[in-house]
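Each ligand, and each atom within it, is numbered from 1 in the order the structure gives. Note that the structure is predicted; figures quoted are calculated from it, not measured.
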Amino acid sequence: MSLIKDGEILFAGHAERYSKQKNDWYNNKEIILDALNYGTPTHIAYYEKPQLKRSRLILKGGSGDWKPNIPLDLPVKYFKHHYSHAAAGYYTSSFKDAVIVVLDSIGEYNTSTIWSGEENKIKLKYKQNYPVSFGLFYSAFTQLIGLMPNQEEYIMMGMAAYGDKDKYYRKVNEYFPSIHSQKYNFHRGITDWGWVTEQDKFDIAAAVQFVYELRLAEFMNMAKFITGKNKLVFMGGCALNSSANTMLWRLFNDVWIMPNPGDAGSSLGAAAALYGKHIKWETPYLGYDLGGKYPVNEIVEGILKDKIVAVATGRAEYGPRALGNRSILADPRDPSIKDKVNLIKQREPFRPFAPVIMEECASKWFDMNFASPYMQYTVKCLQPEKIPSVVHADGTSRVQTVNRHQHKDLWRVLNKFYLQTGVPVLLNTSLNIKGQPLLNDEKDIYEWEKTYNFKIIR
Ligand SMILES: [Fe+2]
């Protein structure tokens with residue numbers, strides 16, 4: 001749920017952080033009340049067209065008794081699913097003139113769309129409809145290797161670094177041979193693969209990621225060709241694939257991915273679509289407010305002494321990544337810190353941890369000539385021996401860059417650590433109880449401290 005006024009974002013949050021149910025699709029009383037703390041809405045904008053969606057659900061063999069989740073009794077305007085994605089991206093970008101690409105599993109019918117953004121107008125230039133879908137392809141293979149589709153795609157992406165892509169490249173490619181065709185409707189999953197062993201899973205993940213990137217590059221080149229534009233806005237759940245996103249900087253002069261590009265960020269898109277103009281994007285810290293002053297000194301002292309701290313303060317991040325306000329921060333120089341953090345997070349040992357770095361130092365430590373303030377790009381680490389705990393098996397890291405404007409106090413934390421150690425990098429991972437959404441409020445802090453017997457700095 002998002003609340004905007006005169007082009008300013010007053011609140012943007014996630015229902016899951018209030019209900020504590022991961023990927024919760026439904027608004028709840030708590031998030032509504034929190035949003036109302038920031039203003040009183042006059043209109044509601046909704047991110048899908050109910051009629052259209054129902055007709056597709058019926059076509060697919062469902063009952064079609066689906067209803068939109070409208071929280072308050074106010075005039076409602078509905079926008080198409082992909083249009084909401086496009087608006088969320090374009091209207092929060094700094095671009096007047098851009099090509100907008102939306103790739104997800106499925107909207108009402110659209111699965112892949114290309115739009116032009118010019119002088120605040122968003123116009124459709126190309127569409128691909130269900131069942132050919134980048135998202136459904138990726139999710140079907142996620143399910144094939146034993147993970148949860150529409151939820152654990154990021155785990156498959158992490159597994160790709162451990163696999164041999166060549167082993168299954170040809171076979172996987174047959175399932176998605178061109179951007180206009182796929183072997184069959186992936187909504188029913190992969191039905192004709194056969195037996196999948198444990199090592200197969202990593203090799204399949206590597207091949208799927210590789211084929212996805214090939215098709216993505218083809219699609220992006222088509223988008224560039226159709227619109228003649230060289231600034232890209234990329235949205236939809238597929239824009240969460242940080243390994244694939246990096247190539248976009250080679251194809252376009254500038255790239256904007258709104259930090260919450262999946263359906264969880266569509267409320268902001270619908271609101272912006274109703275406003276019909278660019279809105280001010282200044283910060284991703286737009287959710288529940290814990291208040292307090294950022295505990296810069298306590299964090300640095302804690303990391304130097306204990307190697308690992310947990311911090312929760314200020315407003316919650318909008319989007320899937322912890323960007324410093326609900327984070328575990330740790331010393332990236334210590335190779336054993338990965339195991340210690342994993343012990344707290346209780347997650348698969350192959351999953352990588354991300355680094356946060358002072359923006360001015362980023363190109364010395366990572367192969368990048370762009371900023372990555374929202375952990376959206378995976379790049380090669382140039383000094384892996386110095387920060388082993390934040391480098392993945394394939395030598396890459398999903399980097400968050402921080403400058404003074406973006407989060408002054410997190411930048412100060414990094415700068416102080418840098419002055420003490422010569423390393424301007426920390427490990428940054430989300431603060432959550434295993435299987436639960438990112439920490440949100442005081443109640444979560446209490447639960448987390450009790451569960452892990454670890455004090456959170458606030
Ligand atoms: Fe979507």
Side-chain angles (χ1 to χ4, degrees), residues 1-2 12-16 22-27 45-57 59-60 62 66 68-69 78-93 100-115 117 122 124 126-140 142-143 148-154 157 179 182 185-187 212 215-216 219-220 223 232-242 244-245 256-274 318-320 374 376:
M1 176 174 287
S2 312
H14 302 261
E16 64 166 24
K22 228 176 163 177
N23 295 316
D24 192 348
W25 284 90
Y26 299 101
N27 287 311
Y46 193 79
Y47 80 111
E48 280 181 324
K49 293 259 188 190
Q51 250 6 352
L52 266 183
K53 178 157 175 166
R54 258 180 238 127
S55 73
R56 194 251 305 163
L57 291 174
L59 196 79
K60 224 187 77 200
W66 174 87
N69 181 222
Y78 298 94
F79 295 93
K80 275 192 179 174
H81 188 108
H82 270 226
Y83 187 80
S84 300
H85 276 313
Y90 176 61
Y91 288 135
T92 56
S93 78
I100 308 158
V101 170
V102 179
L103 298 175
D104 62 5
S105 283
I106 187 166
E108 293 89 354
Y109 284 90
N110 297 158
T111 60
S112 323
T113 51
I114 298 169
W115 313 70
I122 299 172
L124 184 66
Y126 171 91
K127 66 168 194 264
Q128 173 77 60
N129 278 354
Y130 176 81
V132 176
S133 159
F134 277 80
L136 287 178
F137 161 78
Y138 210 90
S139 295
T142 301
Q143 186 175 33
M148 274 239 279
N150 304 319
Q151 196 150 253
E152 295 186 327
E153 281 72 13
Y154 65 100
M157 187 184 77
I179 53 174
Q182 287 175 337
N185 185 340
F186 290 121
H187 233 143
Y212 169 81
R215 299 294 92 85
L216 180 70
F219 196 89
M220 289 295 175
L232 172 72
V233 173
F234 184 28
M235 293 293 291
C238 293
L240 289 163
N241 193 316
S242 56
N245 288 345
W256 170 250
I257 301 172
M258 201 271 272
N260 201 1
D263 290 358
S266 290
S267 64
L268 186 59
L274 184 59
Y318 186 50
Y374 312 113
Q376 292 166 317

Contact check, side chains of Tyr83 and Leu124, non-hydrogen atoms, under 4.5 Å: no
Identified side-chain contact (heavy atoms from CB on, under 4.5 Å) partner of Cys238 from the options Phe219, Tyr212, Tyr138: Tyr212
Identify, by name, the N, O or S atom of Asp104 lying closest to the Fe ion (ligand 1). OD2
Among the N, O or S atoms of Asp263, which one sits nearest to the Fe ion (ligand 1)? OD1
Strictly under 2.8 Å, is the Fe ion (ligand 1) approached by any N, O or S atom of His82? no
Is it the case that the side chains of His82 and Asp104 hold a donor-acceptor pair, with the cut-off being a distance below 3.5 Å and no angle test? yes
Flag the pair Glu108 and Arg56 as a salt bridge only when some basic side-chain nitrogen lies within less than 4.0 angstrom of an acidic carboxylate oxygen. no
